[in-house]
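Scroll down for the structure; my scribbles are underneath it.
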There are 2 protein chains.
Amino acid sequence: MTSQQELLDTLAGVARALGNGHRLALLERLAQGAAAVETLAHTADLTVGNASQHLQHLRRAGLVTAQRDGKHMIYRLTDERIVTLMALLRQVAETNLAEMERLVGRLFAEDDAGGALEAVTREELLAGLSTGKLALLDVRPEEEFEAGHLPQAINIPLEQLEDMLDRLPRDREIVAYCRGPYCVLSHEAVQRLRQLGYRVRRFEEGYPEWKAAGLPVSAQPAAATQASLRP
Amino acid sequence: MTSQQELLDTLAGVARALGNGHRLALLERLAQGAAAVETLAHTADLTVGNASQHLQHLRRAGLVTAQRDGKHMIYRLTDERIVTLMALLRQVAETNLAEMERLVGRLFAEDDAGGALEAVTREELLAGLSTGKLALLDVRPEEEFEAGHLPQAINIPLEQLEDMLDRLPRDREIVAYCRGPYCVLSHEAVQRLRQLGYRVRRFEEGYPEWKAAGLPVSAQPAAATQASLRP
DNA sequence: CAGACATTCCATAGAACAATAGAATGATAG
DNA sequence: CTATCATTCTATTGTTCTATGGAATGTCTG
């Protein structure tokens with residue numbers, strides 16, 4: 001076996017690490033910020049043992065690193081580019097696989113019934129924020145918001161949406177975002193807020209893509225972030 | 001199973017299609033241009049039956065399309081971005097996997113003994129070509145050259161290198177390129193030409209990356225290209 | 001239409017992978 | 001130092017992937 005083939009095999013090993021839905025779910029959560037195994041297992045809907053095993057797999061492929069913090073093992077992405085890699089994989093799949101269109105359609109079918117209200121693009125959002133015409137709503141859990149979020153964003157986790165409506169402006173259009181293009185949280189939020197009469201649209205990307213693009217992000221002080229890693 | 005999980009599973013299916021060294025080799029060849037199964041099987045060092053099966057796999061994942069041309073089945077990449085996807089995969093693997101460094105080191109160990117002569121970057125090459133200070137040498141097989149190549153490139157397939165030296169200038173530095181960063185053809189060419197006293201360095205990328213970056217490429221007339229698809 | 005050729009399909013055996021449960025390890029708190 | 005908790009390791013079983021060889025399909029040539 002030549003060196004070149006070994007190289008391709010090693011590369012294939014990295015691709016294989018991405019070749020499992022559960023592992024992609026884990027990576028998507030890790031793209032929001034570092035987290036402990038238990039947290040990761042919970043968001044990916046896996047048993048802790050199973051999640052640990054998948055994380056080992058990702059670690060062998062060089063996609064994540066682990067670091068002990070007391071009783072907990074904190075995992076994080078090794079490289080910001082992994083977010084870009086997943087986004088590109090998504091784009092290629094979306095344009096070339098009919099199956100994807102069907103699934104994306106189903107995910108987006110419920111809200112946006114009229115189809116009139118398109119998702120907000122990155123450019124539109126940047127413009128709207130600088131002119132103050134848009135308000136920005138982060139509907140992810142508090143823990144993920146604290147690990148990092150878009151500047152000027154208001155955090156109302158989806159579960160508490162109706163309880164904290166007083167934080168939302170009535171006079172401006174609201175843009176909701178969450179974990180990424182396939183994350184359902186912002187869809188759900190848009191749907192519910194529209195029924196309450198708010199003018200609200202969805203951001204077509206999520207926090208990880210924003211950050212990977214090199215755009216500015218805000219975060220809580222390190223102490224708070226550290227604490228939030230522990231489940 | 002939720003729609004979101006199905007989406008990730010579908011995406012994982014695409015990643016899994018990339019998760020095999022032979023398939024990556026096939027894609028790398030396809031990045032040079034469309035080709036028939038026999039050609040692909042030959043460059044990837046596979047039996048025709050096996051290559052066909054791998055190509056089916058890639059087709060199901062939406063990465064390649066097939067189109068019949070007489071007796072031959074011509075495969076091509078569905079999307080130029082697949083080249084970018086593979087390049088990104090390579091970058092992530094190179095920076096995060098120690099194993100990769102070892103393998104890349106071994107691949108590059110033989111030539112460039114002094115280590116003094118770095119590979120030529122894209123910027124350097126563009127500058128050198130516009131000022132006429134550099135000559136450009138494509139050492140891929142004629143067939144791939146005809147399917148597309150960098151502007152101003154001279155084609156001397158590696159096997160015929162010593163037979164066609166009269167095509168090379170003595171007064172300018174030569175830059176050799178081939179299929180991509182892991183392709184050994186240009187390394188081999190640089191080594192052999194240096195022993196003959198030429199001033200020659202290697203381009204750090206290859207034809208597919210150049211093309212995927214949107215830079216201009218030249219190609220033979222369509223008729224010749226068509227013919228070259230048949231092995 | 002027969003023969004040659006390119007490709008795909010099919011069946012099989014062996015290898016790798018995934019989920020599960022239970023044992024083992026490592027770290028903290030009392 | 002022991003009890004406890006988070007995590008990892010190990011063994012097992014069922015599933016999926018890969019390579020191989022041979023049969024089947026489709027296309028061209030004479």
- Message: With a cut-off of less than 4.0 Å, is there a side-chain N or O of A:Ser52 near OP1 or OP2 of D:dT7?
- Response: no

- Can you name the side-chain contact (heavy atoms from CB on, under 4.5 Å) partners of A:Ala61, sequence neighbours left out? A:Ala17, A:Leu63

- Output yes when at least one side-chain N/O atom of B:Tyr75 is less than 4.0 Å from OP1 or OP2 of C:dT8, else no. yes

- Under the side-chain contact (heavy atoms from CB on, under 4.5 Å) rule, collect the residues that match up with B:Thr10, sequence neighbours excluded. A:Leu97, A:Glu99, A:Met100, A:Leu103

- Would you mind listing every salt bridge (Lys or Arg N to Asp or Glu O under 4.0 Å) that reaches into residues 156-166 of chain A, with sequence neighbours excluded? A:Glu162-A:Arg192

- Query: What does nucleotides 15-30 of chain D look like as a protein-contact string, B for base, S for sugar-phosphate only, - for none, at under 4.0 angstrom between heavy atoms?
  - Reply: --SSBB------SS--

- Message: Test: salt bridge (Lys or Arg N to Asp or Glu O under 4.0 Å). Region: residues 86-95 of chain A. Which pairs qualify, not counting sequence neighbours?
- Response: A:Arg90-A:Glu94

- With sequence neighbours excluded, tell me which residues meet salt bridge (charged side-chain N to carboxylate O under 4.0 Å, His left out) with B:Glu204. none

- Crowding at CD, A:Glu101 (>12 non-hydrogen neighbours, <6.0 Å): no

- Task: Apply ring pair (Phe, Tyr, Trp, His ring centres under 6.0 Å) to B:Tyr75 and list each qualifying residue two or more places apart in sequence or on a separate chain.
- Result: none

- Over its full length, what angle do the end axes of the helix from C:dC1-D:dG30 to C:dG30-D:dC1 make, each axis taken from five pairs and the result rounded to 10 degrees? 30°

- Which residues pass the salt bridge (charged side-chain N to carboxylate O under 4.0 Å, His left out) test with B:Arg167, sequence neighbours left out? none

- Rounded interatomic separation in angstrom, taking CZ from B:Arg60 and C1' from C:dT8: 12 Å

